[in-house]
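Structure record follows, encoded as structure tokens.
Numbering starts at 1 and runs along the sequence shown.
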Amino acid sequence: LWLDPIVGFAVSAFIIVWAYRLIRDTAKVLLDAEASEDIRNQVINVLEQDGDSKVIDLHIWLVGPQVYTLIATVVTHNAKQPDDYKSLLPQCLLISHPVIEVRQCMICKV
């Protein structure tokens with residue numbers, strides 16, 4: 001008679017712990033959490049490394065376990081293509097399907 005309730009409590013505890021871990025691990029992905037400030041700064045530094053480009057809009061989201069996607073707008077005086085900037089993105093960040101808009105600045109450089 002006493003074994004059935006004990007097994008029930010043990011299984012319930014196991015399910016509660018499992019559910020807590022699942023919610024903790026997936027909540028950021030499901031809620032489209034923004035990437036940390038360190039990751040944002042790393043991406044900005046890479047995209048602005050030529051000294052002419054300026055990132056004016058950047059959104060980085062967590063879309064999977066340690067997998068990110070981004071949308072960025074870059075202003076430059078040079079005639080660069082989005083693929084030029086995509087190739088600069090760090091491979092270690094696992095950025096999937098980045099969208100980069102390049103706007104050419106027509107104002108003379110100072």
Side-chain angles (χ1 to χ4, degrees):
L1 289 175
W2 58 270
L3 187 59
D4 191 36
I6 291 177
V7 171
F9 284 125
V11 170
S12 297
F14 173 76
I15 291 172
I16 289 171
V17 169
W18 172 80
Y20 171 76
R21 288 180 183 166
L22 179 66
I23 290 169
R24 182 192 63 201
D25 293 343
T26 60
K28 289 181 181 180
V29 174
L30 294 175
L31 296 174
D32 291 332
E34 284 274 340
S36 69
E37 200 63 33
D38 292 337
I39 292 174
R40 290 178 53 81
N41 290 335
Q42 186 177 358
V43 170
I44 289 171
N45 291 337
V46 166
L47 294 177
E48 293 180 347
Q49 72 184 1
D50 64 359
D52 178 57
S53 301
K54 178 72 177 163
V55 176
I56 61 170
D57 191 23
L58 177 65
H59 301 280
I60 305 174
W61 293 279
L62 188 64
V63 293
Q66 302 300 317
V67 178
Y68 298 92
T69 191
L70 69 81
I71 298 175
T73 303
V74 179
V75 176
T76 183
H77 291 96
N78 301 325
K80 287 189 171 184
Q81 298 299 315
D83 288 335
D84 297 331
Y85 290 101
K86 289 178 187 180
S87 66
L88 298 173
L89 295 172
Q91 298 297 319
C92 63
L93 288 182
L94 298 175
I95 297 175
S96 176
H97 304 293
V99 177
I100 298 179
E101 176 186 6
V102 179
R103 294 187 181 177
Q104 191 168 5
C105 183
M106 299 305 196
I107 301 173
C108 296
K109 288 200 284 188
V110 177

Worksheet item: Would you say the side chain of V74 lies within less than 4.5 Å of the side chain of K54, judging by non-hydrogen atoms?
Response: no

Practice prompt. Would you mind listing every ring-ring contact (aromatic ring centres under 6.0 Å, His included) that reaches into residues 31-66, with sequence neighbours excluded?
Written response: H59-W61

Worksheet item: What do you reckon, is CZ of R24 surrounded by more than 12 foreign heavy atoms closer than 6.0 Å?
Response: yes

Discussion item. Which residues end up grouped with W18 if you chain together Ile, Leu, Val, Met, Phe, Trp and Tyr wherever their side-chain heavy atoms are less than 4.5 Å apart?
Written reply: L22

Practice prompt. May I have all residue pairs that pass salt bridge (charged side-chain N to carboxylate O under 4.0 Å, His left out) and include part of residues 34-45, sequence neighbours excluded?
Written response: E34-R40

Practice prompt. Indicate, with yes or no, if V17 and F9 share a hydrophobic cluster defined by side-chain heavy-atom contacts under 4.5 Å among Ile, Leu, Val, Met, Phe, Trp and Tyr.
Written response: no

Discussion item. Test of understanding: with salt bridge (charged side-chain N to carboxylate O under 4.0 Å, His left out), list the residues that count as partners of D50, not counting sequence neighbours.
Written reply: K80

Fill in: Minimum side-chain heavy-atom gap V75-S53 below 4.5 Å
no

Worksheet item: Going by heavy atoms in the side chains, are L88 and D84 under 4.5 Å from each other?
Response: no

Worksheet, complete the sentence: residues 1-12 vs salt bridge (charged side-chain N to carboxylate O under 4.0 Å, His left out), sequence neighbours excluded, gives none

Worksheet item: Step by step, would you call Q42 with C92 a side-chain contact (heavy atoms from CB on, under 4.5 Å)?
Response: CA-CA 11 Å; Q42 186 177 358; C92 63; 4.2 Å; yes

Practice prompt. Is it possible for you to say whether V46 and I60 belong to one hydrophobic cluster, with membership spreading through side-chain heavy-atom contacts below 4.5 Å?
Written response: yes

Item to complete: Just do the side-chain contact (heavy atoms from CB on, under 4.5 Å) check on V43 and I95 with the steps written out, would you?
Response: CA-CA 10 Å; V43 170; I95 297 175; 4.3 Å; yes

Compile the donor-acceptor pairs under 3.5 Å between side chains in residues 63-73 and protein atoms, sequence neighbours left out, one pair per line.
from	atom 1	to	atom 2	distance (Å)
T69	OG1	S96	O	2.8
T69	OG1	H97	O	3.2
T73	OG1	E101	OE1	3.4

